[in-house]
**Q** 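This structure is in C-alpha cells; I'll ask about it shortly.
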Amino acid sequence: MKLPKNYNPAEFENKIYKEWEKSKCFTPEPTNEKSPFCVVIPPPNITGQLHIGHALNNTMQDIIIRHKRMQGFATLWVPGTDHASIATEAKIVDVLKADGKTKADIGRSDFLKLAHEWKEKYGGKIVQQLRRLGCSCDWTREQFTMSDTCSRAVNDVFVKLYHKKLIYRGNRMINWCPNCKTALSDAEVEYSQKDGHLWYIKYPFTDNSGHLTVATTRPETMFGDTAVAINPGDPDNAKHIGQSISLPFTKRIIPVIADTYVEIGFGTGAVKITPAHDPNDFEVGLRHNLPVIVVMNEDGTMNDQAEFCAGDDRFIARKKVIAELIKANLLEKTENHTHNVGECQRCGTISEPRVSTQWFVKMEPLAKPAIKVVKDRRIVFIPDRFSHIYFNWMENIRDWCISRQLWWGHQIPAWYCNSCGEITVDTKAPGKCSACGCTSLKRDEDVLDTWFSSALWPFSTLGYPKMTKDLKYFYPTNVLVTAYDIIFFWVARMIFSGLAHMGEIPFPEVLIHGLVRDTDGKKMSKSAGNGVDPIELIDKYGADALRVSLITGMAPGSDIRFGEEKMEPSRNFLNKLWNASRYLLSNLNEPPSSDLLEFKLTTAERWILHKMNKTISEVNVNLKKYELGLAYAKIYDFIWNDFCDWYIEISKSSLYGFDAKLKNQTIAVLVTILRTSLKLLHPFAPFITEEIWKEIRDPQDATFIATSKFPSGNAKFAFSKDYKRFEIIKDVIRSIRNVKAEYAVAPSKAVKIYIQTLDKSYMKKNMSHIYKLANVSNAEFITDKNLIKEQTVAITLENLEIFIPLGELVNIEKEIQRINKEIDKMQSEITRGSNLLNNEGFISKAPKQLVQIETEKLNTNKDLLVKLVSRLKELNE
RNA sequence: GGGUAAUUAACUCAGUUGGUAGAGUGCCUCCGUCACAUGGAGGAAGUCAGGGGUUCGAGUCCCUUAUUGCCCACCA
C-alpha cells in the first residue's frame, strides 16, 4: 500500500504530467486501424496568463479528448498560441517606453527582433500552465500562428483570395483606434451606451434669410461638413432644400441637400453631413458627390482644416468649438443625450470612423456557403440557439478590413511598383513588377489582422497548404469548444475559411460554453480585481479539484459564477475517492481474479454491479451529447453514495471476517468497482485517477489509465431483480436507523427486530448487512405479529413489516402521531394514483408500461394503508 | 428597435425525448467507531416568477405580463 494517508495533489500532479508527456501517450499516429478524433485548441495569446475562462474551456476539451482517447480513437489535441498582433505590439512598445524609446527610434527589423525575443522568453508561460491543468495536448505538434507552417498558410490563402478577387485594396470608411494608430475590423469595436450631449447649432443661410439649426453629438467635426441634409418628405424643412449655408468659422459655402436617410422629427430634422468622419455621412456623400474633408489626424488630434482647433485633441476641440459657438451666439441649446460610443476592444480608446486605404476581404461570396452548411446542419452549434447569433452576423456581414498599421504580425504579401504603381501579390518576394517588369518594388508595410491567421487554424496547424499525412487524416477536426464571445471573431471565420480553402467544413460540431463570472455575477477582470487565479487554486486544491469544480452543475452555453468556495466540495470528493482506494489497498494482498462471473455473486454484489453498469451507460450517453456536468454528477453519485456509503460499508463484514473465500470474492468486486470508477472519472480528474491506477491497475491493462479502455455497458452485469431486492434491504436499514434517530436510541446501541414477510429467502440471505449497518443484535422472523409480547415500533414497507421492541422507550402518543402522518401521506398517494387510473385519457393514452407501474403502485399503497390503519387501531386500544 | 437567455430549497445551481422536483453549501439532532471529521447517520426546507393555453398529464411545449442579464443595430 503506497498511497499516503492524506490526499495531497501537489505531491504527484506534476510528476504524472511529466510521465505522460515522456511516454508520448498524447501523440497519435495517423493509422487506418483507428478512427481519428481531433480538436484544435483555441490558441491563447502569447501575452496571456491562464485565467479561469481558459481553465473552463480547456477542461471541457480535455474531458472530451480523454474520453475519446480511452474509447480507442487516434486522438489528437493540437495545442498552440496566437501572436496577438495588437496586444503583443503594445507590450513591446511598453518595453521600449521603459527605456525611453519608441518604435520609430529602433525601426521595424529591430522591433521585430525584440518582439521575437520577448515571445521566446514569456510566450511559453501559458503553455506550461495548460500542462498544470492536465491538458492532454500533443506537444510534439504545438503550433504558433506566426510559425513557418502557419505563415505559409497565411500567405497562400492571401494570394489565392487576391487572385480570386476576394481580397481587394480600397479607400473606405473604417474603424480607427487613435491610440493603437491602426485600422480595426467591425468586430474589434465594442459599443456601449454613454452619456453625452446633443448640441443644437445655428447654420446661417448665405442669403441672410436666417438660419437652419442642426443637432449634433460631435460639433468638433463641423470643420469637415460639406452639406446639410433634410428629408425631402419633411413638411417643415423641405422648403430649405437647395438653399446654401455659410458654415460657421470656415465660412465655406455648403448646400442643403435632400436625403431620406434623415429621420423626420428627430432633432431638428436637419443633419450636418461630414463624409470624412461618420459612416452614414460618408454614404450620403457618395450619393451626392460631396467632397470629403478630413479634419483629424491619425492620433485623434485636429489638423489644419480645424482652424482654431488645429493640433488640439478631439475632445478638447469639442469644448473649444462649443465655447466659440456660444461666443458667436450660434448655439441654440444643449440637451443631454445618451448614445452608443465605439471603443477599441484592445485598449478601450474611443474609436474614430476614418476614411483610409486598407485591405479588405470581400465577404458575401464567402459567407454564403458558410451560412448554408449551418442551415443544412452539416455544422451544428451546441446549444443550438447560438446558430441564430451566427446567422444574424453572417447574413448582415460587411467586408472585413484585414490590414493593420502594425509591425508584429504577418506582413501583407503585396508589393507596389515604384514606377507604374501596379500591385504584385505573391507568396514570396517577386523579382519584378507583374505589369511593367520594373524591379523597383516596395512591400506593403502593414500586417494582417490576427484573426486572419486564426481563421486558418484548423488546417494551418495540420500542415496546409501541403497535404500532409496529418491534414489528410485529421481534417476535418471533430469538435470546436469555445465561449460564445468569439463566435464572430473566430468560429465564423474558421467556417468560411475551411470551406474556401479546404473545400470542407472545419468541424461538424461547435460546443459553446459561457463565461466565468465572480460570485456576484460580474465579469472577472484584472482591473476589477475580482479574478481568481487558477494556478493559485491548483496550488491549493489540486488541478483535479479545479477541473471538477468548473464542471459541477454547469449547463451548456450559460455563464457560471465561480468563487473559491466551490473548490472545497470538489476536493472533498477527491479525498473520498483517495481514502476509498486506501481502504481497498490496505486489504489487498494478491491480485484478485479478474473475471467476476467465476463467483456466485451475492445480492449486494449484483446490486452494485448493476448500478455500475447503469452508470456507465448513462455516462457514455451524456458524454456523447457533451453533457459534461450531468455525466460528472452521475459518476460523483455512484462513487460517493453507491460505492463508498453503501458498498464499502457492506464489504467490511467480509473483509474483516474469517471466510477467506468470501473475502477474496469481495475484494474482486471492490477492485472491479474501483478500477471502473477510476476510468469513468479519469477524463474529469486525470491526475488522482492516474495516481491510484498505478497501485490498483490490472497488470493486463494499460500502464496509464489515460490510454486504458473506457468502460462500456456490459449485459453480463445486468441484474435488475437483485438490484430491486437490495434496494429493499437498503430501505429496511434506513428505516431502522430512522426509528432509532427518532427515538434517540444511540446508533451504538444494538436493537432486536421482528420481521414479518412473505418472501423470507433473500431477506435471510442479506440479514448480515442489516445486523451490521443498522446495528441490529438479532432478528426473528414471525408469521403473526400478535405474538410479540413487547411494546414495539412498527415499520411498514412493501410486503414487509418490521417491529422494533424498544420497551419503555416506546411512546404510544408519538407512535400514533407518526403512524397518522404516514397514513396521511399514503392516503394522498392513493388519491393521486386513483385519480390517475380513473382517468380514461390516462389509461388509453399513457404508455402501457406506465399504467402498469401506477396500477401496481396503487395496489401496494392500498396494502400499506390497510396495515397502517390496523397498526393505528392497535395503538389506540 | 430587434434577438436571446434567465427567474426552481436560505444561498449557488442541475433537471437529458412532457410521466409524483434534485445536488452542493448552509441549517437542526446524534456519532471521535478499525478508508475518510476534507468524515458518518438522521432531519427540516420548494404554489418550479405571475397569468392564460395545449395535453390524460407541464418545471419541461405555446402565448402573455413582470423583473434581470447578454448580443446585435447607422438614428445625427
Side-chain angles (χ1 to χ4, degrees), chain A residues 3 5-7 191 198-199 214-218 229 261-263 266-274 278-283 337 339-340 353 383 385-386 388-389 392-393 396 484-485 487-488 514-515 519 521 523 541 545 552-563 565-566 568-587 618 621-622 625 627 629-631 633 636-637 644-645 648-649 652 656 733-734 737-742 744-748 773-775 828-829 832-833 835-836 839-847 850 853-854 857:
Chain A
L3 295 184
K5 184 161 191 313
N6 293 314
Y7 166 54
Y191 292 90
L198 198 53
W199 284 281
V214 299
T216 181
T217 53
R218 302 207 56 190
Y261 148 70
V262 181
E263 193 187 319
F266 185 88
T268 62
V271 181
K272 70 189 219 28
I273 301 298
T274 324
D278 182 279
N280 296 305
D281 293 6
F282 184 74
E283 296 297 320
H337 181 69
H339 58 142
N340 263 345
R385 64 186 139 96
F386 290 102
H388 298 301
I389 296 179
N392 182 48
W393 194 71
N396 298 300
Y484 56 74
D485 59 343
I487 291 176
F488 306 143
L515 306 176
T519 43
K523 205 167 169 173
Y541 301 92
T552 304
M554 186 192 64
S558 48
D559 292 351
I560 50 175
R561 290 186 191 203
F562 190 84
E565 68 281 359
K566 292 221 171 167
E568 272 193 44
S570 310
R571 193 265 322 264
N572 293 353
F573 168 63
L574 298 170
N575 180 62
K576 189 78 184 170
L577 175 67
W578 184 264
N579 281 294
S581 307
R582 284 181 54 240
Y583 162 75
L584 175 50
L585 286 168
S586 69
N587 287 289
E618 291 177 4
V621 169
N622 287 139
K625 295 198 277 186
E627 292 160 347
L630 290 180
Y636 175 98
D637 193 54
C644 293
D645 286 350
I648 285 187
E649 291 310 315
K652 283 178 182 171
Y656 298 145
I733 292 164
R734 268 194 294 251
R737 284 171 174 170
N738 185 315
V739 165
K740 281 185 163 185
E742 254 181 76
V745 175
S748 55
L773 299 183
N775 198 8
S828 71
E829 280 293 292
R832 186 195 143 269
N835 286 346
L836 210 51
N839 186 332
E840 223 173 276
F842 180 75
I843 302 286
S844 58
K845 290 184 181 169
L850 191 69
I853 288 170
E854 288 296 339
K857 208 178 279 171

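Labels below follow one simple rule: chain letters A, B, ... track the order of the sequence lines, proteins then strands, and each chain is numbered from 1. The figures that follow rest on heavy atoms only: side chains count, while hydrogens, waters and symmetry mates do not.
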**Q** Looking at every non-hydrogen atom in both residues, tell me the closest pair between A:A215 and A:L198 and how far apart they are.
**A** CB-CG, 4.0 Å
**Q** Select base, sugar-phosphate, or nothing to describe what A:K652 touches, counting heavy atoms under 4.0 Å on all strands.
**A** base
**Q** In Å and rounded to the nearest 0.5 Å, what is the NZ to CD distance from A:K857 to A:E854?
**A** 4.5 Å
**Q** Can you list everything that forms a side-chain contact (heavy atoms from CB on, under 4.5 Å) with A:P353? Sequence neighbours excluded, please.
**A** A:M173, A:R218, A:P279
**Q** Go nucleotide by nucleotide along RNA chain B from the 5' end; which of A:L584 and A:N839 gets its closest nucleotide reached first?
**A** A:L584
**Q** Determine the interatomic distance between P on B:rG24 and the same-named atom on B:rU33; round to the nearest Å.
**A** 26 Å
**Q** Take A:D645 and A:K272, find for each the nucleotide of RNA chain B with the closest heavy atom, and name the residue whose nucleotide sits nearer the 5' end.
**A** A:D645
**Q** Rounded off to whole Å, could you give me the NE2-to-P distance for the A:H388 and B:rG3 pair?
**A** 11 Å
**Q** Please measure how far the C1' atom in B:rU55 lies from the corresponding atom in B:rC70, and state the result in whole Å.
**A** 34 Å
**Q** Checking A:D281 against A:Y261 for the side chain to side chain contact (heavy atoms under 4.5 Å, CB included) test, could you report, in this order, the C-alpha distance in whole Å, the side-chain angles of both residues, the deciding distance, and whether it holds?
**A** CA-CA 9 Å; A:D281 293 6; A:Y261 148 70; 4.1 Å; yes
**Q** At what distance, to the nearest 0.5 angstrom, does CG of A:D278 lie from CD of A:E283?
**A** 10.0 Å
**Q** Would you mind reading off the distance between A:E854 atom CD and B:rU20 atom P, rounded to a whole angstrom?
**A** 8 Å
**Q** Let me see the working for A:Y484 and A:D559 under side-chain hydrogen bond (donor to acceptor under 3.5 Å, both in side chains), right down to the final yes or no.
**A** CA-CA 10 Å; A:Y484 56 74; A:D559 292 351; 2.8 Å; yes
**Q** Using every non-hydrogen atom in the two residues, find where A:A545 and A:L574 come nearest and quote the distance to one decimal.
**A** N-CD1, 3.4 Å
**Q** Rounding to an integer number of angstrom, what distance separates B:rA9 and B:rG59 when you compare their P atoms?
**A** 15 Å
**Q** Please confirm whether the backbone N or O of A:R561 pairs with a side-chain atom of A:K566, one donor and one acceptor, at under 3.5 Å?
**A** yes
**Q** Using the 3.5 Å cut-off, write out each protein N or O paired with an N or O of nucleotides 42-45 of chain B and the distance between them.
**A**
residue, atom, partner, partner atom, Å
B:rG43, OP1, A:N738, ND2, 2.9

**Q** How are the rings of A:H337 and A:F266 set to each other: parallel, tilted or perpendicular (split at 30° and 60°)?
**A** perpendicular
**Q** Quantified in whole Å, what is the C1' atom distance between nucleotide B:rU16 and nucleotide B:rC11?
**A** 26 Å
**Q** What closest approach, in Å, do A:I487 and A:F386 show between heavy atoms, and which atom pair accounts for it?
**A** CD1-CD2, 3.8 Å
**Q** Give me the stems containing RNA chain B, sorted by first residue, counting only three or more consecutive Watson-Crick or G-U pairs with both distances under 3.5 Å; say none if there aren't any.
**A** B:1-7 with B:66-72, B:10-13 with B:22-25, B:27-31 with B:39-43, B:49-53 with B:61-65
**Q** Taking only N and O in the side chain of A:K857, is any of them less than 4.0 Å away from OP1 or OP2 of B:rU20?
**A** no
**Q** Between A:N579 (side chain) and A:N575 (backbone), is there a donor-acceptor pair under 3.5 Å?
**A** yes
**Q** Determine the interatomic distance between P on B:rA76 and the same-named atom on B:rC13; round to the nearest Å.
**A** 36 Å
**Q** With rounding to whole Å, what would you report as the distance between B:rG50 and B:rU67 at their P atoms?
**A** 16 Å
**Q** A:N575 has an atom CG; how far is it from atom P of B:rC36, in whole Å?
**A** 10 Å
**Q** For A:Y261 and B:rC74, what is the distance between atoms OH and C1' respectively, to the nearest whole Å?
**A** 6 Å
**Q** Would you classify A:V214 as touching base, sugar-phosphate or nothing, given that sugar-phosphate means primed atoms plus P, OP1 and OP2, and contacts are heavy atoms under 4.0 Å?
**A** nothing
**Q** Can you name the closest pair of heavy atoms from A:I648 and A:Y583 and give their distance?
**A** CG2-CE2, 3.6 Å
**Q** Write down the distance separating the P atoms in B:rU7 and B:rC62, rounded off to the nearest Å.
**A** 14 Å
**Q** Can you measure A:R385 atom CZ to B:rA5 atom P for me and round it to whole angstrom units?
**A** 6 Å
**Q** Just the atom pairs and distances: protein N or O near nucleotides 23-29 of chain B's N or O, under 3.5 Å.
**A**
none

**Q** Can you tell me how far P in B:rC61 sits from the matching atom in B:rA6, rounded to whole Å?
**A** 9 Å
**Q** How long is the span from the CG atom in A:N6 to the CH2 atom in A:W578, to the nearest 0.5 Å?
**A** 9.5 Å
**Q** Can you measure from CG (A:L515) to CG (A:D485) and round to the nearest 0.5 angstrom?
**A** 5.0 Å
**Q** Enumerate all atom pairs, one protein N or O and one N or O from nucleotides 69-73 of chain B, separated by less than 3.5 Å.
**A**
residue, atom, partner, partner atom, Å
B:rC72, O2', A:N392, ND2, 3.2
B:rA73, N6, A:N340, ND2, 3.2

**Q** Please give me the minimum heavy-atom distance between A:K576 and A:C644, naming the atom from each residue.
**A** CE-CB, 3.7 Å
**Q** Checking side-chain hydrogen bond (donor to acceptor under 3.5 Å, both in side chains) for the pair A:N835/A:N839: CA distance, chi angles, key distance, verdict?
**A** CA-CA 6 Å; A:N835 286 346; A:N839 186 332; over 6 Å; no
**Q** Using the rule given for side chain to side chain contact (heavy atoms under 4.5 Å, CB included), can you reason through A:Y541 versus A:E568, listing the C-alpha separation, both sets of side-chain angles and the distance that settles it, and then say yes or no?
**A** CA-CA 8 Å; A:Y541 301 92; A:E568 272 193 44; 4.1 Å; yes
**Q** Check every strand shown and say whether A:E565 touches a base, only sugar-phosphate, or nothing at a heavy-atom separation below 4.0 Å.
**A** nothing
**Q** Nearest to the side chain of A:N280, which nucleotide is it out of B:rA76, B:rA5, B:rC74?
**A** B:rC74
**Q** Using whole Å, report how far CG of A:L515 lies from P of B:rA5.
**A** 17 Å
**Q** In Å, rounded to the nearest 0.5 Å, how long is the span from CG of A:N340 to OG1 of A:T217?
**A** 11.0 Å
**Q** For nucleotides 15-19 of chain B, print each protein N/O atom paired with a nucleotide N/O atom at under 3.5 Å, atom names and distance only.
**A**
residue, atom, partner, partner atom, Å
B:rU16, O2', A:K625, NZ, 2.5
B:rU16, O2, A:N622, ND2, 2.9
B:rU16, O2, A:E627, OE1, 3.3

**Q** Can you give me the closest heavy-atom contact between A:I560 and A:M554, atom names plus distance?
**A** CG2-CG, 4.1 Å
**Q** Side chain of A:S558, heavy atoms from C-beta onward: which of B:rC36, B:rC74, B:rA14 has the nearest atom to it?
**A** B:rA14
**Q** Within this structure, what is the CD-to-C1' distance between A:E649 and B:rG40, rounded to whole angstrom?
**A** 8 Å
**Q** Between B:rG39 atom P and A:R571 atom CZ, what is the distance in whole Å?
**A** 8 Å
**Q** Would you classify A:R561 as touching base, sugar-phosphate or nothing, given that sugar-phosphate means primed atoms plus P, OP1 and OP2, and contacts are heavy atoms under 4.0 Å?
**A** sugar-phosphate
**Q** Describe the nucleic acid contact of A:E568 in one word from base, sugar-phosphate, nothing, applying a heavy-atom distance below 4.0 Å.
**A** nothing
